[in-house]
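Worksheet for the structure shown next.
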Amino acid sequence: MRKTFYLVIAMLMGTLLLTGCHSSEKNYREAYEKAVERRKTGIGAETYAKIEAERQRYTTVINGDSVRLVYVNANVAIDSTDVAKPYNVVVATFTQRINAKSYRDRLREECGFKGSYVLYGGDDKQYFVVVQGFDDKTEAAALLHDIHKKVCLKILEPLPWILRKI
């Protein structure tokens, strides 16, 4: 009788452990939404919309095409063998080095962009994943125009842009 009682208790404890607290997509989504709201704290929705619009606006016309060209003080972050060109087509930005390196490696392996690299810098200290760098802004604008056809990965920037390294 006592063995049966302990066996039942052990089975109940095992069931509780297996069905207890565990992460779900819903939990992650709620945490993400809270983090986004915290970032917006202190400014109104209208001001936040203006900031985002300014962040993504087209700034330069190259060969009749409007592109976003941003001047940033940045340096090569991950591999010292990579050489940064003056004009860089940015397809993703990260705050963590490991995420930037992983995305860069996927660009190299899955999409064939062997010259992709990561720059680090800017006012908010970001890692910029560069699909390819150029010496001339017209070449960078040409790649930017067809970027969705040439890059096989999901582009993480809402609008890919050109980073002018200063």
Side-chain angles (χ1 to χ4, degrees), residues 22-41 43 48-166:
H22 62 278
S23 298
S24 67
E25 184 178 347
K26 180 183 174 195
N27 293 348
Y28 284 115
R29 170 59 64 191
E30 288 173 0
Y32 172 76
E33 289 171 357
K34 286 179 185 177
V36 169
E37 286 302 317
R38 253 186 272 130
R39 189 171 56 187
K40 293 180 187 178
T41 304
I43 59 173
Y48 184 77
K50 286 180 182 179
I51 291 170
E52 283 298 307
E54 180 64 25
R55 190 177 74 82
Q56 296 178 10
R57 88 176 163 90
Y58 297 115
T59 57
T60 307
V61 176
I62 302 173
N63 291 338
D65 191 19
S66 296
V67 296
R68 184 170 162 237
L69 177 74
V70 179
Y71 292 82
V72 177
N73 185 10
N75 295 313
V76 175
I78 295 178
D79 291 332
S80 60
T81 58
D82 293 331
V83 177
K85 301 281 186 169
Y87 296 95
N88 305 280
V89 178
V90 176
V91 293
T93 57
F94 295 97
T95 55
Q96 293 183 349
R97 177 186 174 113
I98 188 73
N99 293 339
K101 183 180 183 301
S102 174
Y103 193 85
R104 186 228 31 209
D105 292 345
R106 289 184 62 206
L107 280 172
R108 289 179 174 180
E109 295 167 9
E110 296 175 24
C111 300
F113 285 101
K114 301 296 182 197
S116 62
Y117 50 92
V118 177
L119 296 175
Y120 178 75
D123 294 335
D124 50 354
K125 302 298 182 197
Q126 293 280 317
Y127 290 95
F128 304 100
V129 181
V130 176
V131 70
Q132 192 169 350
F134 299 94
D135 291 319
D136 185 34
K137 64 182 174 184
T138 57
E139 294 173 348
L143 175 63
L144 191 64
H145 182 70
D146 294 330
I147 194 80
H148 292 287
K149 295 176 186 172
K150 295 185 178 184
V151 175
C152 64
L153 299 175
K154 179 182 178 187
I155 296 175
L156 300 179
E157 280 292 304
L159 295 170
W161 50 284
I162 299 173
L163 181 147
R164 172 63 167 107
K165 187 178 172 307
I166 54 173

Please find the pair of heavy atoms, one from [X] and one from [Y], that lie closest to each other, and give the distance.
{"X": "V91", "Y": "I155", "answer": "O-CG2, 3.4 Å"}
{"X": "V89", "Y": "I147", "answer": "CG1-CD1, 4.0 Å"}
{"X": "F128", "Y": "G121", "answer": "CE1-O, 3.5 Å"}
{"X": "D136", "Y": "Y87", "answer": "C-CD1, 3.8 Å"}
{"X": "V61", "Y": "S66", "answer": "CG2-OG, 4.0 Å"}
{"X": "D135", "Y": "E139", "answer": "N-OE1, 4.4 Å"}

Non-hydrogen side-chain atoms of [X] and [Y] separated by less than 4.5 Å:
{"X": "I162", "Y": "K137", "value": "no"}
{"X": "V130", "Y": "L119", "value": "yes"}
{"X": "K165", "Y": "N75", "value": "yes"}
{"X": "Y127", "Y": "K101", "value": "no"}

Measuring from atom [atom1] of [X] to atom [atom2] of [Y], what distance do you get when rounded to the nearest 0.5 angstrom?
{"X": "K85", "Y": "R164", "atom1": "NZ", "atom2": "CZ", "value": "12.5 Å"}
{"X": "Y120", "Y": "R97", "atom1": "OH", "atom2": "CZ", "value": "10.0 Å"}
{"X": "R104", "Y": "S116", "atom1": "CZ", "atom2": "OG", "value": "6.5 Å"}
{"X": "F113", "Y": "L153", "atom1": "CZ", "atom2": "CG", "value": "9.5 Å"}

query: What orientation do F94 and Y103 show, parallel under 30°, tilted 30 to 60°, or perpendicular over 60°?
result: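 Tilted, since the angle between the ring planes falls between 30° and 60°.
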message: Once side-chain hydrogen bond (donor to acceptor under 3.5 Å, both in side chains) is applied, do any residues pair with R106, and if so which ones, sequence neighbours excluded?
response: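 Only E110 meet the side-chain hydrogen bond (donor to acceptor under 3.5 Å, both in side chains) criterion with R106.
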- request: Mind checking side-chain hydrogen bond (donor to acceptor under 3.5 Å, both in side chains) for Y117 and listing every partner two or more places apart, or none if nothing turns up?
  value: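 Testing Y117 for side-chain hydrogen bond (donor to acceptor under 3.5 Å, both in side chains), a comparison that skips the adjacent residues, returns N88.
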query: Has I166 got more than 12 heavy atoms of other residues, nucleotides or ligands less than 6.0 Å from its CD1?
result: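 Yes - once you tally the heavy atoms of other residues, nucleotides and ligands closer than 6.0 Å, there are more than 12.
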- request: Kindly check if the number of other-residue, nucleotide or ligand heavy atoms within 6.0 Å of CG (D123) is above 12?
  value: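 No, the 6.0 Å shell around CG holds no more than 12 heavy atoms from other groups.
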task: Applying side-chain contact (heavy atoms from CB on, under 4.5 Å) between L144 and each of I62, V90, V67, report the one that passes.
output: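 Option passing the side-chain contact (heavy atoms from CB on, under 4.5 Å) with L144: V67.
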